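First up is the structure itself, then whatever we jot down about it.
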There are 2 protein chains.
Amino acid sequence: MTHILVIDDDRQLLRALRIALTARDYAVTLAQDGTTGLAAAQRTPPDLTIVDLGLPDMDGVAVVQALRGWATAPIIVLSARHTEQAKIDALDAGADDYVTKPFGVGELLARIRAALRRATPTEQAPVIATAAFTVDLGTKRVTLADGTEARLTPTEWHLLEILVRNPDRLITQKYLLQEIWGPRYERETNYLRVHMGNLRRKLEPDPSQPRYLRTDPGLGYRFMPDE
Amino acid sequence: MTHILVIDDDRQLLRALRIALTARDYAVTLAQDGTTGLAAAQRTPPDLTIVDLGLPDMDGVAVVQALRGWATAPIIVLSARHTEQAKIDALDAGADDYVTKPFGVGELLARIRAALRRATPTEQAPVIATAAFTVDLGTKRVTLADGTEARLTPTEWHLLEILVRNPDRLITQKYLLQEIWGPRYERETNYLRVHMGNLRRKLEPDPSQPRYLRTDPGLGYRFMPDE
DNA sequence: GTTCGCCGTCAAGAAAGCGTCAAGATCACG
DNA sequence: CGTGATCTTGACGCTTTCTTGACGGCGAAC
């Protein structure tokens with residue numbers, strides 16, 4: 001059954017959503033603030049998350065960012081704010097949709113259907129192995145050839161995850177920057193160079209001669225698995 | 001470059017969108033009614049389509065359905081209608097998002113980014129093969145007949161990609177210059193000669209007697225596949 | 001036969017991109 | 001409030017790539 005997590009502090013809205021969603025045969029989890037919501041998401045990862053921007057303990061955008069750190073399931077943001085900048089910020093933080101209150105339940109359900117429809121149904125094998133290191137996307141760990149574990153920073157992990165999920169494929173600098181830092185950082189190719197350098201130092205057998213994390217000058221980077 | 005198709009009959013809006021989108025480095029195609037829009041989509045499938053619900057010749061929902069018949073690229077619906085049922089119908093027809101007029105351009109751009117972000121990066125990877133080299137447009141790689149990989153510069157790749165996507169078809173110098181360097185460089189045919197020469201040196205079995213990258217004197221170039 | 005336009009080639013200087021380093025700035029945590 | 005980890009930011013050499021101008025070959029027009 002499709003599992004939906006709702007993070008909102010409006011008890012009345014929570015109740016209405018619970019009824020509407022369970023009636024449509026969704027499994028629903030409710031949370032009234034950001035911290036419990038994130039905890040619930042980590043305990044049992046939902047197939048879709050609905051987040052209110054106006055939470056008592058933290059900003060909704062922060063919740064979206066935290067979720068996007070490890071989850072790929074769709075996120076729909078609810079808000080009473082109508083300002084354009086709020087929408088832009090939430091969407092750029094990684095939200096899939098933004099619905100302004102008040103809204104019709106029917107519309108929200110339709111947007112949920114739309115978001116679920118395009119969600120990748122196939123969670124592929126989350127372990128990528130090379131001769132030099134092994135990446136476990138499930139447990140978020142990288143093990144080196146000698147058995148020791150590589151300690152990656154959040155940014156490094158994010159970078160590695162994108163590359164490793166698309167073996168052999170060229171990932172453009174623009175895409176990486178947008179995905180990791182947001183569209184405003186499209187031109188900060190400095191960031192990429194620094195973090196890619198750190199990543200190579202931790203993973204590559206010979207960091208000065210990258211074997212797995214290759215640069216395509218002027219275009220981007222790519223992860224090259226063993227033959 | 002990411003390609004966006006806009007189907008709308010509001011000339012003023014079309015103009016505004018064209019300006020905003022091209023400024024963000026999107027390639028834009030405009031259509032003023034459903035039939036020409038669908039034809040344009042079929043001719044060169046866009047990476048994202050924006051459809052107005054109120055078209056002169058057909059209902060926007062019908063356009064969405066027609067597109068969804070064969071295309072998987074994201075669709076964003078624009079509409080002045082605020083009724084909930086209209087939104088539900090459009091979303092259930094296969095639209096990815098629904099934006100009600102009037103809207104801010106910034107918001108639309110953010111929604112475009114969101115839609116493109118989650119678009120399946122696993123779009124089918126066309127591979128063009130000849131006896132001398134193989135071009136993989138998905139991974140952006142060129143392999144020579146002897147199995148080695150050809151290292152192309154960004155400009156060379158750009159040039160090759162355009163030609164190879166249009167086998168047997170003549171591509172004018174003007175088009176190539178506009179596409180790669182921008183409209184101001186229409187007369188710099190020097191650039192083409194130099195880079196085409198480099199490309200031939202890397203790909204052609206006998207660079208002085210081009211077999212695949214042919215010159216049509218005075219007109220332009222064309223890629224000629226085997227047989 | 002000459003002239004003209006167009007093309008391919010070459011080489012040198014200019015520009016841009018890359019990896020690296022190190023010094024602040026920022027943040028999380030105790 | 002201090003500490004350590006992480007991220008940002010700027011600078012530096014180095015290499016690759018692009019631009020730019022010049023040259024000669026070739027064919028068509030005259």
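Quick note on labels: first sequence line is chain A, next is B, and so on, each numbered from 1. Owing to the predicted nature of the structure, the values given are computational and were not obtained by experimental measurement.
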* Whole-Å gap separating P (dC6(C)) and CE (M196(B)) -> 17 Å
* Please give, in whole Å, the distance from dT8(D) P to N198(A) CG? -> 12 Å
* To do: Using a cut-off of strictly less than 4.0 Å, decide whether T215(A) has a side-chain nitrogen or oxygen near OP1 or OP2 of dC18(C).
  => no
* Do R222(A) and T172(A) meet the criterion of a side-chain donor-acceptor pair at a distance under 3.5 Å? -> no
* Give a yes/no answer on whether the side chain of R193(B) brings an N or O atom under 4.0 Å of OP1 or OP2 in dC10(C). => no
* To do: Compare side-chain N and O positions of T153(A) against OP1 and OP2 of dC7(D) and report whether any pair is under 4.0 Å apart.
  => yes
* For dC18(C), does either OP1 or OP2 sit under 4.0 Å from a side-chain N or O belonging to Q173(A)? -> yes
* Once you round it to whole Å, what is the distance between P of dC18(C) and CG of L213(A)? -> 15 Å
* Just do the side-chain contact (heavy atoms from CB on, under 4.5 Å) check on L78(B) and Y98(B) with the steps written out, would you? => CA-CA 6 Å; L78(B) 304 180; Y98(B) 188 106; over 6 Å; no
* **Whole-Å gap separating P (dT9(D)) and CG (L192(A))** => 14 Å
* Ignoring hydrogens and angles, state whether a donor on the side chain of D57(A) or T35(A) is under 3.5 Å from an acceptor on the partner side chain. => yes
* Starting at CG of L219(A) and ending at C1' of dA16(C), how long is that distance when rounded to a whole Å? -> 14 Å
* To do: Taking only the side-chain nitrogens and oxygens of R151(B), find out if one of them lies under 4.0 Å from OP1 or OP2 of dT17(D).
  => yes
* Asked: Within less than 4.0 Å of OP1 or OP2 of dC18(D), is there a side-chain N or O belonging to W181(B)?
  -> no
* **Value in whole Å for how far the P atom of dT17(D) lies from CG of L159(B)** => 15 Å
* Ring center gap for W157(B) and H195(B) short of 6.0 angstrom -> no
* To do: Look at the rings of Y191(A) and Y185(A) and say which category their plane angle falls in: under 30° parallel, 30 to 60° tilted, over 60° perpendicular.
  => tilted
* Asked: How many Å lie between CG on D206(B) and C1' on dG8(C), as a whole number?
  -> 13 Å
* L199(A) CG to dT20(C) P, straight-line distance once rounded to whole Å -> 12 Å
* To do: Ignoring backbone atoms, establish whether H195(B) has a side-chain N or O less than 4.0 Å from OP1 or OP2 of dT17(D).
  => no
* Closest to the Y191(A) side chain: dC18(C), dT9(D), dT20(D)? -> dT9(D)
* Look at S208(B) and dG8(C) and indicate whether a side-chain polar atom (N or O) is within less than 4.0 Å of OP1 or OP2. => no
* **Which residue lies more 5' along DNA chain D, comparing E156(B) with N190(B) via nearest heavy atoms** => E156(B)
* Asked: Is any side-chain nitrogen or oxygen of Y221(A) closer than 4.0 Å to OP1 or OP2 of dG19(C)?
  -> yes
